[in-house]
Amino acid sequence: MTIVNSNVASQIVKQEQSEAGTLHFFNHIAVVEFNEGIHANLTSGRQMIHDLIEYFGNVKPFGIVANRVNSYSIALLETAEIRSIFPNLTAYGIVSHNEAGRMNAEIESQFCASENISFDNLYEGLDTVYKRVMTKLSVSLN
């Protein structure tokens, strides 16, 4: 299910479209839905990176949920560089809708600093990532 077809669609604050896919912005989370067949890397995701920095800045904690509604590949070796671009990215999750997506999420999790990033349900992914961001936000305010 795409985020615009979900029960939380009315809470989307902003949407940005690029060649790589669509970013859906909420207050503390962005949901990314990559286009079918895209190879997500620093080059293809340049516009998305710009949009994320523009929206969240580089201080406010935020999370990303990758909603795998399409099949795509990711440049996993660029994970460390992505983390350095987003020092305030505090939570990440992948929502998979089929077995192939779940297998890819498991592989991606080996390259992530976060644990338990794979979800079978969009709402569970959103809720978990949101709670992780709120925990980091409350710690940074104290």
Side-chain angles (χ1 to χ4, degrees), residues 1-36 38-98 100-142:
M1 159 185 4
T2 64
I3 194 79
V4 296
N5 293 324
S6 73
N7 292 338
V8 297
S10 63
Q11 297 175 40
I12 297 171
V13 176
K14 180 181 180 181
Q15 295 181 75
E16 292 292 341
Q17 186 78 34
S18 72
E19 289 183 22
T22 306
L23 280 170
H24 307 274
F25 291 96
F26 295 83
N27 287 331
H28 301 283
I29 296 174
V31 174
V32 60
E33 294 176 340
F34 287 110
N35 291 333
E36 180 71 31
I38 194 80
H39 179 63
N41 61 23
L42 289 168
T43 302
S44 66
R46 185 180 326 271
Q47 184 61 48
M48 285 186 168
I49 291 168
H50 169 78
D51 293 337
L52 287 163
I53 292 170
E54 184 83 13
Y55 190 81
F56 292 113
N58 60 3
V59 176
K60 176 184 172 184
F62 75 99
I64 294 178
V65 174
N67 189 21
R68 272 191 170 268
V69 292
N70 295 309
S71 179
Y72 59 88
S73 63
I74 290 199
L76 291 173
L77 297 178
E78 294 179 349
T79 303
E81 192 169 350
I82 293 290
R83 277 195 295 246
S84 71
I85 293 170
F86 298 114
N88 51 328
L89 176 61
T90 59
Y92 181 71
I94 303 167
V95 178
S96 303
H97 301 279
N98 57 42
R102 282 185 273 288
M103 288 173 41
N104 284 325
E106 280 302 313
I107 294 168
E108 283 181 53
S109 72
Q110 303 303 310
F111 291 83
C112 288
S114 301
E115 291 184 21
N116 303 321
I117 65 165
S118 182
F119 304 98
D120 294 331
N121 177 296
L122 181 59
Y123 302 110
E124 179 188 11
L126 289 168
D127 186 56
T128 302
V129 169
Y130 178 78
K131 286 176 180 174
R132 290 175 180 170
V133 172
M134 290 298 98
T135 299
K136 293 288 187 179
L137 188 59
S138 67
V139 167
S140 69
L141 294 176
N142 292 329

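Numbers for residues simply follow the sequence, beginning at 1. Model, not experiment: these values are computed from the prediction.
- Side-chain contact between Q11 and V8: present, with at least one pair of heavy atoms (C-beta onward) separated by less than 4.5 Å.
- Note on residues 48-60: no pairs pass salt bridge (charged side-chain N to carboxylate O under 4.0 Å, His left out), not counting sequence neighbours.
- Listed by first and then second residue, the ring-ring contact (aromatic ring centres under 6.0 Å, His included) pairs that reach into residues 62-82 are F34-Y72, F56-F62, F62-F86, sequence neighbours excluded.
- Residues V95 and N121 are not in side-chain contact: their nearest non-hydrogen atoms beyond the backbone lie 4.5 Å or more apart.
- Within the 4.5 Å cutoff, the side chain of I29 has no heavy atoms near those of the I64 side chain.
- Side-chain contact between V65 and V32 is absent, with no heavy-atom pair separated by less than 4.5 Å.
- Counting heavy atoms from C-beta outward, R132 and T90 have side chains that stay 4.5 Å or more apart.
- In terms of heavy-atom proximity, V133 sits nearest to G63 at CG2-N, 3.4 Å.
- No donor-acceptor pair under 3.5 Å is formed between the side chain of N35 and the backbone N or O of I38.
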Under the criterion side chain to side chain contact (heavy atoms under 4.5 Å, CB included), I'd like the reasoning laid out for I85 against I53: C-alpha separation, chi angles, the key distance, then a yes or no. CA-CA 9 Å; I85 293 170; I53 292 170; 3.9 Å; yes

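- Within the 4.5 Å cutoff, side-chain heavy atoms of V31 are placed close to those of L126.
- Across M48 and L23, no two heavy atoms sit closer than the pair O-CD1, 3.6 Å.
- The structure places CZ of R83 at 9.5 Å from CG of L89, a figure rounded to the nearest 0.5 Å.
- How far CG of L122 is from CG of N5: 10.5 Å, rounded to the nearest 0.5 Å.
- You'll find the side chain of H97 reaches within 4.5 Å of the side chain of V69, heavy atoms only.
- Using modelled atom types, one side-chain atom of Y55 and one backbone atom of F26 make a donor-acceptor pair closer than 3.5 Å.
- Remark: Y130 OH is loosely packed, at most 12 non-hydrogen atoms of other residues, nucleotides or ligands lying under 6.0 Å away.
- Under the rule for a side chain to side chain contact (heavy atoms under 4.5 Å, CB included), the partners of S73 that lie at least two apart in sequence or sit in another chain are H39.
- For T43, the side chain to side chain contact (heavy atoms under 4.5 Å, CB included) partners are N41, R46, not counting sequence neighbours.
- Closest heavy-atom contact between G93 and F119: CA-CE1, 3.9 Å.
- Sequence neighbours left out, the pairs with a member in residues 2-27 that pass salt bridge (charged side-chain N to carboxylate O under 4.0 Å, His left out) are K14-E16.
- Checked by atom type, the side-chain pair T22/E33 shows no donor-acceptor distance below 3.5 Å.
- In this model, no donor atom of one side chain and acceptor atom of the other lie less than 3.5 Å apart for H24 and N67.
- Taking every heavy atom of both residues into account, S44 and A20 meet most closely at O-CB, 3.4 Å.
- For S96 (side chain) and N98 (main-chain N/O), no donor-acceptor pair under 3.5 Å exists by modelled atom type.
- Applying the side chain to side chain contact (heavy atoms under 4.5 Å, CB included) test to N7 and every residue at least two apart in sequence or in another chain returns Y123.
- In terms of heavy-atom proximity, P61 sits nearest to L137 at CD-CD1, 3.7 Å.
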